[in-house]
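To start, the structure under review is shown below, and the notes come after it.
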2 protein chains.
Amino acid sequence: MSSPKSETPKLNKGQQTKALILETALELFRERGYEQTTMRDIAEKANVALGNTYYYFRSKEHLIQAFYHRTQEELLAASEPILAKERSLKARLLGIMRARLELIEPYHQFAGVLFRTAGDPKSPLNPFSVESLETRKQSTATFEQVVGGARLRIAIPADLYAELPNLLWIYQMGIILFWIHDTSPNRIRTHQLIEHTVDIVAKLITIATFPLVRPLIKRTLRLLATFRQDLDNLPAPNLDEEIDKDELDSGLEP
Amino acid sequence: MSSPKSETPKLNKGQQTKALILETALELFRERGYEQTTMRDIAEKANVALGNTYYYFRSKEHLIQAFYHRTQEELLAASEPILAKERSLKARLLGIMRARLELIEPYHQFAGVLFRTAGDPKSPLNPFSVESLETRKQSTATFEQVVGGARLRIAIPADLYAELPNLLWIYQMGIILFWIHDTSPNRIRTHQLIEHTVDIVAKLITIATFPLVRPLIKRTLRLLATFRQDLDNLPAPNLDEEIDKDELDSGLEP
DNA sequence: GTCTATAACCGGATAGAC
DNA sequence: GTCTATCCGGTTATAGAC
């Protein structure tokens with residue numbers, strides 16, 4: 001391959017320029033927002049030619065995608081100390097959620113753009129896309145640790161336990177959706193929300209272990225599994241084929 | 001005012017042109033998608049000048065907003081016969097959800113755009129915006145009828161009962177989010193999803209009436225009420241001030 | 001392979017005349 | 001209310017330099 005003798009290649013020229021462009025872009029996005037920042041602005045401030053920004057980032061949105069990945073790595077790094085320190089499920093989950101909020105706070109003003117493109121099924125940025133599969137897995141892995149490393153006071157049925165990380169991932173997406181729309185100063189509203197909901201989540205898990213709701217839980221888990229398989233692009237089983245006898249009359253009709 | 005003597009004003013010139021532009025646009029959107037349709041295409045096919053389309057619709061997105069409102073009306077109309085016919089909560093909810101899906105199916109391919117802009121907090125299209133308040137209220141009103149006109153076999157606590165329409169509205173938003181990302185033929189996946197989840201929703205309501213979970217329900221309802229007030233732009237009460245004694249130890253920590 | 005410079009294209013949006 | 005001309009910014013293309 002190239003430069004077999006170079007001792008510390010670290011960042012070659014190209015990577016440096018790429019990083020420069022990204023940092024400049026994010027700076028401008030933070031300062032004046034996404035729409036108000038033109039590609040020409042970015043090129044000018046970074047002292048590169050307009051064409052060069054396109055050499056490194058195929059489009060303006062790809063700059064966001066790059067930010068997205070960078071943040072994802074920071075998120076993973078920020079999670080470690082929390083997971084090492086906290087032992088209760090509630091504290092672990094709350095810690096992770098707080099860390100996430102803090103990390104993304106500076107970008108709140110252009111988070112809308114992120115979510116706007118993320119909401120488009122055709123966008124590679126959307127959390128359900130094939131391109132996001134890796135990110136989603138990493139993210140879910142964090143929640144696996146949240147659950148797996150927690151000291152639990154009750155026994156959680158295996159099937160529910162296995163699905164918890166995915167459920168928490170969905171929970172997290174909901175919180176981010178709220179955060180994007182949160183206009184309260186410093187996003188206190190979202191902080192209040194996680195404090196309350198983390199608690200509620202913990203209690204829901206407990207309730208989910210009660211025998212009375214067992215059929216409902218089983219059924220819901222089956223539903224979730226089916227649709228997650230869709231997401232992961234595996235052939236999904238036919239839901240209608242397996243009607244659980246448990247289900248037939250659980251007597252829970254209002 | 002103008003034309004005080006005209007007998008049947010019906011559609012004046014302006015309204016006609018506006019309607020023509022909208023219908024032409026939607027036709028093109030359906031045929032070739034949103035992005036592939038340019039404002040120039042629309043203007044040309046409708047035989048009006050480009051500038052004229054902007055006279056009636058402030059932006060390309062506003063065409064979607066118009067579609068959004070038109071659909072909303074159709075939705076309300078389609079709901080009536082269902083609510084008149086079905087009596088059980090489950091059947092009423094399922095009927096409404098099915099009607100919604102059928103109505104929006106032809107527009108599935110550009111639904112992504114709808115949701116993309118709808119995800120942007122700055123967009124008037126987003127379901128939480130002030131501009132959407134009226135639509136949201138109408139939509140919630142439908143769910144009020146769903147609940148209010150249902151023959152229930154159990155007694156639902158007043159506070160939960162009052163919040164149900166809003167909860168169902170959120171449920172509906174979740175389903176639409178799924179629908180947008182659903183690539184299965186004829187959206188069977190979403191249809192399966194509503195069939196199963198409507199059932200689950202019904203059972204959850206029943207469970208929510210159990211005394212054991214009462215404190216959790218109360219707390220969750222309070223949380224919801226607070227944040228909904230934010231949405232409606234009312235001053236929100238401070239959540240932390242009122243800690244419910246019921247809550248202190250419900251013994252539901254995992 | 002990395003980068004510059006420049007011109008051009010395209011389509012959403014606007015201004016201003018009629 | 002309707003039109004034409006124009007702007008603006010994302011994006012592409014090209015041609016050439018290190």
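Proteins get letters first, then strands, A, B, ... in listed order; numbering begins at 1 in each.
- Residues from residues 61-68 of chain A placing a heavy atom under 4.0 Å of any atom in DNA chain C do not occur.
- The backbone N or O of Y34(A) sits less than 3.5 Å from a side-chain atom of K60(A), completing a donor-acceptor pair.
- Between Q172(B) and R100(B), the side chains place a donor N or O and an acceptor N or O closer than 3.5 Å (distance only, hydrogens not considered).
- Side-chain contact check for H191(A) and R98(A): no donor-acceptor pair (N or O, by modelled atom type) lies under 3.5 Å.
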Can you pull every protein N or O that's under 3.5 Å from an N or O on nucleotides 1-5 of chain D?
from, atom 1, to, atom 2, distance (Å)
dG1(D), OP2, Y55(B), OH, 3.1
dT2(D), OP1, T17(B), OG1, 3.3
dT2(D), OP2, T17(B), OG1, 3.4
dT2(D), OP2, N52(B), ND2, 3.4
dT2(D), OP2, Y56(B), OH, 2.7
dT2(D), O5', N52(B), ND2, 3.1
dC3(D), OP2, A49(B), N, 2.4

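- The side chain of Y54(B) contributes no N or O atom lying less than 4.0 Å from OP1 or OP2 of dT14(C).
- In this structure, H62(A) has no ring pair (Phe, Tyr, Trp, His ring centres under 6.0 Å) partners at least two apart in sequence or on a different chain.
- The side-chain contact (heavy atoms from CB on, under 4.5 Å) search around S132(B) returns S129(B), not counting sequence neighbours.
- Between Y107(B) and F67(B), the ring-plane angle classifies as tilted under the 30° and 60° cut-offs.
- Residues forming a ring pair (Phe, Tyr, Trp, His ring centres under 6.0 Å) with Y171(A) (at least two apart in sequence, or on another chain): none.
- The 12-atom threshold is exceeded at CZ of R70(B), counting heavy atoms of other residues, nucleotides or ligands nearer than 6.0 Å.
- Against DNA chain D, the stretch residues 33-42 of chain A makes heavy-atom approaches under 4.0 Å through T37(A), T38(A), M39(A), R40(A).
- Remark: K18(A) fails to qualify as a cation-pi partner of Y55(A) under the 6.0 Å distance and 45° angle criteria applied to the six-membered ring.
- Looking at R30(A), its side chain never comes within 3.5 Å of a backbone N or O of A25(A) through a donor-acceptor pair.
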